[in-house]
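One structure is given below, encoded as structure tokens.
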2 protein chains.
Amino acid sequence: MSGFDVGGRLRALRIERDLSQRELAKRANVTNSTISLIEQNSVSPSVSSLKKILDALPVSISEFFAGEPSQEEPKVFYRAEELTDIGDGQLSWRLIGARRPGRSMSILHERYPPGADTGETMLEHDGEEGGVIVSGTIELTVGNEVQQLGTGDAYYFDSRLPHRFRNVGDRECVIVSANTPPSFSDGGDACHHV
Amino acid sequence: MSGFDVGGRLRALRIERDLSQRELAKRANVTNSTISLIEQNSVSPSVSSLKKILDALPVSISEFFAGEPSQEEPKVFYRAEELTDIGDGQLSWRLIGARRPGRSMSILHERYPPGADTGETMLEHDGEEGGVIVSGTIELTVGNEVQQLGTGDAYYFDSRLPHRFRNVGDRECVIVSANTPPSFSDGGDACHHV
DNA sequence: GGTCCTTGTTCAAGATCCTGGACACATGAT
DNA sequence: ATCATGTGTCCAGGATCTTGAACAAGGACC
């Protein structure tokens, strides 16, 4: 789930340099226990501790995490469970892929529980947005128009027009949407449950 | 000293996305206090916390630390206080620059207190090494030969020959040395104080 | 002026990490 | 065999990080 095996990588680097836990610990000014626990992923070290240890190897922090996915080549396929959820518990907003320089769009998998509402104060921000209602129904207000959209319906508008999403039904509503430019956190597409 | 302003970078990323501490906290499943304290560098977060927060931005950990020095352009100048010390308290071994792929040498600034000794079991490892005695005297054994080297003297040998350093004088001995390939921790250039 | 909301900071209590010392298991020397 | 040394793991206590709730400062609105 974490997506990065801190302990395993540290152990690999240590073995590579033919150091014992105690030897490395001495150079890093930590104890051997610390290194043992970290290598077993029994604890998640503080970055200050991790830095002390890496300095003693020596390996820079950026080198250490360089193997992290999602950086080099743009990812193409995403499993449902690896989408980062930026919701608040009630609401679920899953972003398809991390925001990445060079990407001109943000795609979201949104789930509005009954009663969910983006708020009375209308949203306004730069860019454009569009989406498809996958299941359930949603009340969408754009400018002066209010529409009830159901499964299979869709929308597309200039985000500078004041807009608001509201699930007035009694079932969950699922939407897949896209925004451009990629600022899903455009000053308040936050959602309030009422 | 740390060389990387975690708090400042986090704050910059958050502001960039126009999020409040509370908003980000909610998405990351941490509290606003945590983010406040981290941003002020009042604490050094655990990597698990940091990862939760970065996931909510979303920014990958490697991106976060990508600004770290010592990665992109090779560093050229090093202040004495920024050399990483890999000694054990008694002994001081300062490495000139972090080990870096593409570097074929490790350069060390070594300080042997009186009585310091690399141990009776001779060191043997791949590569070559050479150095200059900057001050004090050192007894260097290489193969069958034993030599007393003083200030200004120097040495160079194939590291596969068994070798040993010993400070038999009563003053500290300072040496600047170079190893190739860059594996200063080659199975035991560790130093024991006797 | 009020009141309301949002912002960032601070503080005690709880959770997690880190330490220092044990422990069990190896290997090599006597 | 018994030491002696080196390895990684485990455990109580202390140090550090994280939480939840308070606080003060700044708008917005009436």
Side-chain angles (χ1 to χ4, degrees), chain A residues 2 6-8 10-56 88-89 117-124 185-194, chain B residues 2 6-8 10-56 88-89 117-123 185 187-194:
Chain A
S2 87
V6 174
L10 176 59
R11 173 159 293 180
L13 288 169
R14 178 177 62 81
I15 301 291
E16 197 175 289
R17 283 158 184 67
D18 203 13
L19 291 168
S20 71
Q21 292 181 342
R22 283 177 165 81
E23 210 167 338
L24 175 57
K26 194 165 55 179
R27 293 182 179 178
N29 268 318
V30 297
T31 57
N32 52 316
S33 330
T34 303
I35 297 191
S36 176
L37 294 172
I38 294 174
E39 286 189 351
Q40 297 171 84
N41 285 321
S42 299
V43 299
S44 175
S46 68
V47 315
S48 64
S49 302
L50 184 60
K51 187 162 200 326
K52 280 198 286 187
I53 295 168
L54 294 181
D55 279 349
D88 59 0
D117 188 349
T118 56
E120 292 194 29
T121 62
M122 308 287 272
L123 303 170
E124 299 179 45
S185 57
D186 36 38
D189 255 16
C191 195
H192 314 287
H193 193 63
V194 289
Chain B
S2 87
V6 174
L10 176 59
R11 172 159 294 180
L13 289 169
R14 178 176 63 80
I15 302 290
E16 199 175 288
R17 281 157 186 67
D18 203 14
L19 292 167
S20 71
Q21 292 181 343
R22 282 178 164 82
E23 211 168 337
L24 176 56
K26 194 165 54 180
R27 293 182 179 177
N29 269 317
V30 297
T31 56
N32 53 316
S33 331
T34 302
I35 297 189
S36 176
L37 294 173
I38 293 174
E39 287 188 350
Q40 298 171 82
N41 286 319
S42 299
V43 298
S44 175
S46 69
V47 314
S48 65
S49 301
L50 184 59
K51 185 159 201 329
K52 279 197 287 187
I53 296 168
L54 294 181
D55 278 349
D88 59 0
D117 189 349
T118 56
E120 292 194 29
T121 63
M122 308 288 272
L123 303 169
S185 57
D189 255 15
C191 196
H192 313 288
H193 193 62
V194 290

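Quick caveat: nothing in here was measured; it's all calculated off a predicted structure. Naming: A, B, ... by sequence-line order, numbering from 1 per chain.
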Nucleotides 23-28 of chain D: protein proximity per nucleotide (B base, S sugar-phosphate only, - neither; heavy atom, under 4.0 Å): ------
Under-4.0 Å side-chain N/O to phosphate OP1/OP2 contact, B:Gln21 with C:dT9: yes
Side chain to side chain contact (heavy atoms under 4.5 Å, CB included) partners of B:Leu37, counting only residues at least two apart: B:Gln40, B:Ser42, B:Val43
B:Ile53 CD1 to D:dC17 P, straight-line distance once rounded to whole Å: 13 Å
Touch class at under 4.0 angstrom, heavy-atom based, for A:Ser20 against every strand present: sugar-phosphate
Protein-nucleotide distance (B:Ile15, atom CD1; C:dT7, atom C1'), rounded to Å: 10 Å
Interface residues of residues 32-42 of chain A with DNA chain D (non-hydrogen, below 4.0 angstrom): A:Asn32, A:Ser33, A:Ser36, A:Gln40
Distance in angstrom units between B:Lys26 NZ and C:dT7 C1', rounded: 14 Å
Value rounded to 0.5 Å, distance of CD1 in B:Ile35 from CG in B:Leu10: 6.5 Å
Minimum heavy-atom distance between B:Gly7 and B:Asn41, given as atom pair plus value: N-OD1, 3.0 Å
Exercise: identify the closest heavy-atom pair between B:Ala28 and B:Ile53: CB-CA, 3.6 Å
First of A:Arg11 and B:Pro45 reached from the 5' end of DNA chain D, by closest nucleotide: A:Arg11
Separation of D:dT7 C1' from A:Arg14 CZ (nearest whole Å): 9 Å
Inter-residue atom distance B:Thr34.OG1 - B:Glu39.CD, 0.5 Å rounding: 11.0 Å
Side chain to side chain, B:Lys52 and B:Arg27, heavy atoms closer than 4.5 Å: no
Residues in side chain to side chain contact (heavy atoms under 4.5 Å, CB included) contact with B:Ser33, at least two apart in sequence or another chain: B:Thr31
Side chain to side chain contact (heavy atoms under 4.5 Å, CB included) partners for B:Asn29, two or more places apart: none
Contact summary for B:Ser44 and A:Ser48, nearest pair of heavy atoms: OG-N, 2.8 Å
d(CG, A:Leu10; P, D:dG8) in whole Å: 12 Å
Pairing annotation in dot-bracket form, given for DNA chain C with Watson-Crick or G-U pairs under 3.5 Å and | for cross-strand partners: |||||||||||||.||.|||||||||||||
A:Arg14 (side chain) donor-acceptor with A:Leu19 (main chain) under 3.5 angstrom: yes
Gap between atoms CG and P, on A:Leu24 and D:dT7 respectively (whole Å): 12 Å
Sugar-phosphate only, base, or nothing, as touched by B:Ser44 at under 4.0 Å among non-hydrogen atoms: sugar-phosphate
D:dT16 OP1/OP2 closer than 4.0 Å to side-chain N/O of A:Ser48: no
From A:Arg22 atom CZ to A:Ser36 atom OG, the distance as rounded to the nearest 0.5 Å: 9.5 Å
